[in-house]
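In what follows, a single structure is set out as structure tokens and then discussed.
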Number of protein chains: 2
Amino acid sequence: MRSETKDKIAELATELVQQVGYPSLSYQQISSQLGMKNAAVHYHFPSKEDLGLDVVRRDHEVFTKFAASLQDKSPEEKLDAFLAMYQQYLENGNRICMIGASASDYKQLPDSIRLEAATYLSEVKEWFTRVLEAGKSEGVFQFKGSAAGKAGLVTSALAGALQHARLIGNDHYLAVVAQLKLELKP
Amino acid sequence: MRSETKDKIAELATELVQQVGYPSLSYQQISSQLGMKNAAVHYHFPSKEDLGLDVVRRDHEVFTKFAASLQDKSPEEKLDAFLAMYQQYLENGNRICMIGASASDYKQLPDSIRLEAATYLSEVKEWFTRVLEAGKSEGVFQFKGSAAGKAGLVTSALAGALQHARLIGNDHYLAVVAQLKLELKP
DNA sequence: TGGAAAACTTACTAACTAGTAAGTAAATTT
DNA sequence: AAATTTACTTACTAGTTAGTAAGTTTTCCA
């Protein structure tokens, strides 16, 4: 039984983590933006670690459901859906992905959050591996080396491109996506 | 005439920015680690913006000199030198690259630092574009699309891989590098 | 309708943040 | 040798941080 307030806090915290990172996420910012007091946030998330862990877990769950909803789609549709999801981060406040944020905040993260983020990234890599593998055997994707190797490259390239787009403009992300798709074309 | 102390502060700050990011960089950490007082750091860098800007500028200069020192080398050697530099970050305290750090800290950065980081990234992209172009015309590199497009992909992939390696281990970076080199092979 | 549990607010703490004003010692210049 | 500049230290400020204890209101259930 998750309360509505708790959900709202977690949602705002998610946005903030993707924008300013875990260390700069503050209870004060959350409470003032939601029209409540500092201690109210602590009521739902006693420690910052609780909040941060919930934020990463929720994002992880969103991805899991996202992947499940695409189960019967083609490899191309799966890839496009993922690219669109990332592009939305870009257009909606220049957010970076949760995994990228966790990776750059890594040194400031409690172990529990580090572990959750690592698991999350591993699952995304595995998902990409299966998508690329299926696409290759269906003849709609082409690439050198293993699907796992290519999946690692694609995952890191997208995370990096999302960040670099902040510095030099959204076109950078679009160009990286175009290059990735061009290289996958048989 | 840069004083030795100022250099030491900037060097330590560079390390810290690559490890914990600009927002978590503190005068206290710097002064205590260098055996001096808070105000001594402020003497050399009056504001945090001054310090942060110097850090990015210095890293930018390091790259410029790095590129100049490789002027007469082959495209393959240039690429390898860049990859080795990034690998050193990884092995020396799991640091991420300055550009990646600036990109993820972007929302907390003063305009002056944002601008410097953007210029820095643009120059790295241009350098990669020239390296890839030369490699292609010499027949040692092969890739689809434009050299600029491929340069964007490579730059973002390396920055992302460096970050992801924090979460799932250094092998991830090595695997991404291997995939990139495999795809460049004619 | 009464009691318990849930969801808060008020009021606070200790630690940390960047930044400053004033004083001091050492080096450099005139 | 005197004056000036450089490189600090001491001591402080105002603001922010996560976190807590105790009290209050609201919701829900028996």
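Heavy-atom basis, side chains included; hydrogens, waters and symmetry copies ignored. If you're wondering where the values come from, they're calculated on a predicted model, not measured in any experiment. Proteins come first, then strands; the chains are lettered A, B, ... in the order of their sequence lines, and each starts at number 1.
Between B:Glu49 atom CD and C:dT17 atom C1' there is a gap of 17 Å when expressed in whole angstrom units. Atom CD in B:Gln28 sits about 19 Å away from atom P in D:dG15, given to the nearest Å. Atom C1' of nucleotide D:dT9 and atom CG of B:Leu34 are separated by 16 Å, given to the nearest angstrom. A straight line from CD1 of A:Ile30 to C1' of D:dA18 spans 11 Å, rounded to a whole angstrom. One atom, CD of A:Gln108, and another, P of C:dC16, lie 14 Å apart when rounded to the nearest Å. Straight-line distance from the CD atom of A:Glu4 to the P atom of D:dT27: 12 Å, rounded to whole Å.
B:Phe45 and B:Tyr27 have their aromatic ring centers separated by at least 6.0 angstrom. For B:Tyr173 and B:Tyr86, the ring centers sit 6.0 Å or farther from each other.
Residues A:Leu70 and A:Val154 share a single hydrophobic cluster, defined by chaining ILVMFWY side chains whose heavy atoms lie under 4.5 Å apart.
Applying the ring pair (Phe, Tyr, Trp, His ring centres under 6.0 Å) test to A:Tyr106 and every residue at least two apart in sequence or in another chain returns nothing.
Residues A:Met36 and A:Val41 have side chains in contact (heavy-atom distance under 4.5 Å, counting atoms from C-beta outward).
The shortest distance between the side-chain N/O atoms of B:Tyr27 and the OP1/OP2 oxygens of C:dT17 is not below 4.0 Å.
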Without placing hydrogens or testing angles, list every side-chain donor-acceptor pair under 3.5 Å for residues 5-13 of chain A, not counting sequence neighbours.
| residue | atom | partner | partner atom | Å |
| --- | --- | --- | --- | --- |
| A:Asp7 | OD1 | A:Arg2 | NE | 2.9 |
| A:Asp7 | OD1 | A:Arg58 | NH2 | 2.5 |

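For B:His42, taking side-chain heavy atoms from C-beta onward, the closest of the listed nucleotides D:dA18, C:dG19, C:dT17 is C:dG19. In the set D:dG19, C:dA18, D:dA18, the nucleotide with an atom closest to the side chain of A:Ser47 is D:dG19.
Within the 4.0 angstrom heavy-atom criterion, only backbone atoms of the sugar-phosphate kind lie near A:Leu25; the bases stay farther away.
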Protein-to-nucleotide contact annotation, 5' to 3' order, nucleotides 5-11 of chain C [B base; S sugar-phosphate only; - none; under 4.0 Å, heavy atom]:
-SBBBB-
